[in-house]
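These notes are about the structure you will find just below.
Values reported hereafter were calculated over all heavy atoms of this structure, with side chains retained and with hydrogens, waters and symmetry mates removed. Residue numbering restarts at 1 for every chain, and letters A, B, ... go by the order of the sequence lines.
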Number of protein chains: 2
Amino acid sequence: MLKLSKKAEYALMAAKYMALKNSSGYSSAKEISENYQIPYQLVAKVLQNLVKSDIAFSAKGMNGGFALAKKPELISIIDIIKAVESKFKITDCMHENGSEQDCSHFNCCKIKDPLAVIQKKIDNVFTDTYLVQIL
Amino acid sequence: MLKLSKKAEYALMAAKYMALKNSSGYSSAKEISENYQIPYQLVAKVLQNLVKSDIAFSAKGMNGGFALAKKPELISIIDIIKAVESKFKITDCMHENGSEQDCSHFNCCKIKDPLAVIQKKIDNVFTDTYLVQIL
DNA sequence: TTCGAATCAGACTAATTCAGTCTTATTAGA
DNA sequence: TCTAATAAGACTGAATTAGTCTGATTCGAA
């Protein structure tokens, strides 16, 4: 319960790798996979997600790879995690337009509002931590 | 990801029910189940867990049931959640005596320490919220 | 003293989620 | 044109979670 997914962990690790490599060229998925002992396919997928969210960019072909799009001081880890995990909430209903679809208790729920307060505090924990702090 | 379990939700709801009922006798599992639309067996199990953790006490037999052992101002919701969920960590290794058993990366992990800081902050969010705040 | 309403406990099942693999396509440089 | 890289999605197996079922125990009241 309340666990981060492997995808989220791998995304943080990959971002860290690229940040440490700094501006010295691209990091390939294979390179990160081998250095940090992460399954190749998973790192590759996670890196693609980072590109889609404009946290990193990629170059195809030989000598290609991935690199951060911004400085580590400017990348909040909540953005890294959200790039790979859409559901980042303590309950299923905890999003805009939450409805009975998400939870049969939606209309009679006794703890929705207090949990929303807690959700906001947890969001802040991640929002206020930047990539540079995990290097 | 990062979701609370149903057991945790039900525990908070059950605690809230008992708190609202205040000192006017016992609340039976059936009563809570019907009022808050929670499966009977699950509420019953959750209530038993609360008793084991000294958050509530029980009375068997007819007219028996459950009641809070302390005032809602004195019950932190982290205790309610921990009563029903032992794993309350963002990673498997995030506990005393974490080892290679928990995660094959344990000895080479690049993000363990920063995640421990985040874990502590999340713990504080729950520790600093009391039952009285979710009534 | 017997019956019913309640707690207590644990095994079991079904559903969902998650981690990881496999396969194939695409791209660009040597 | 060959090779090393990204890109993308389907598939599988494992693990977790939600919920059910069954039965035992306890106490009070009729």
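Phe66(A) comes within 4.0 angstrom of the backbone, heavy atoms only, and of no base. Using a 4.0 Å heavy-atom distance criterion, Ala29(A) is classed as a sugar-phosphate-only contact.
Spacing between atom CD of Glu31(A) and atom P of dA5(D) amounts to 9 Å, rounded to whole angstrom units. Atoms CG (Leu2(B)) and P (dT17(D)) sit 13 Å apart, rounded to a whole Å. As rounded to whole Å, 13 Å separates atom P of dC18(C) from atom NZ of Lys6(A). Summarising the geometry, the separation between CZ on Phe57(B) and C1' on dA6(C) is reported as 15 Å, rounded to the nearest angstrom. Across the protein-nucleic acid pair, Lys30(A) atom NZ and dT3(D) atom P stand 14 Å apart, rounded to whole Å. Following rounding to the nearest Å, Lys89(B) (NZ) and dT16(D) (P) show an atom-to-atom distance of 17 Å. When rounded to the nearest whole Å, the span between CG of Asn49(B) and P of dC8(C) equals 11 Å. As rounded to whole Å, 14 Å separates atom C1' of dA8(D) from atom CG of Leu47(A).
Position along DNA chain D of the nearest nucleotide to Asp92(B) versus Gln41(B) favours Asp92(B) as the more 5'-ward residue. Residue order along DNA chain D, read from the 5' end via each residue's closest nucleotide, puts Asn63(A) first among Lys52(A) and Asn63(A).
The CG atom of Leu50(B) lies 9.0 Å from the CG atom of Leu12(B); values are rounded to the nearest 0.5 Å. How far OH of Tyr40(B) is from OG of Ser28(B): 7.5 Å, rounded to the nearest 0.5 Å.
Of the candidate nucleotides dT7(C), dT6(D), dC8(C), dT6(D) has the atom lying nearest to any side-chain atom of Ser28(A). Side-chain proximity of Met62(A) to the nucleotides dT7(C), dG20(C), dT3(D) is greatest for dT3(D). The nucleotide whose nearest atom lies closest to any side-chain atom of Gln48(B) is, among dA9(C), dA18(D), dT6(D), dA9(C). For Tyr10(A), the side-chain atoms get nearest to dG20(C) when compared with the rest of dG19(D), dG20(C), dA9(C).
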Problem - Worked check of side-chain contact (heavy atoms from CB on, under 4.5 Å) between Leu2(A) and Ile81(B) - result: CA-CA 11 Å; Leu2(A) 215 83; Ile81(B) 294 174; over 6 Å; no
Exercise for the section: Start with the C-alpha gap between Tyr26(B) and Glu31(B), add the side-chain angles, then the distance that decides, and say whether side chain to side chain donor-acceptor pair (under 3.5 Å) holds. Expected result: CA-CA 10 Å; Tyr26(B) 294 108; Glu31(B) 182 184 345; over 6 Å; no
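Between Tyr40(A) and the phosphate of dA4(D), there is no side-chain N or O to OP1/OP2 separation shorter than 4.0 Å. When the side-chain nitrogen and oxygen atoms of Ser58(B) are compared with OP1 and OP2 of dA6(C), none of them lie within a distance under 4.0 Å.
Between the side chain of Lys110(B) and the backbone N or O of Tyr36(A), no donor-acceptor pair lies under 3.5 Å. Side chain of Lys112(B) to main chain of Phe106(B): a donor-acceptor pair is present (N/O by atom type, distance under 3.5 Å, no hydrogens or angles).
A side chain to side chain donor-acceptor pair (under 3.5 Å) check over residues 126-135 of chain A, counting only residues at least two apart or in different chains, returns nothing.
Shown here for Lys21(A) and Ser27(A), the closest heavy-atom pair between the two residues is CD-OG, 3.4 Å.
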Atom pairs, N/O to N/O, protein against nucleotides 10-15 of chain D, distance under 3.5 Å?
residue: dA10(D); atom: N6; partner: Lys45(A); partner atom: NZ; Å: 3.2

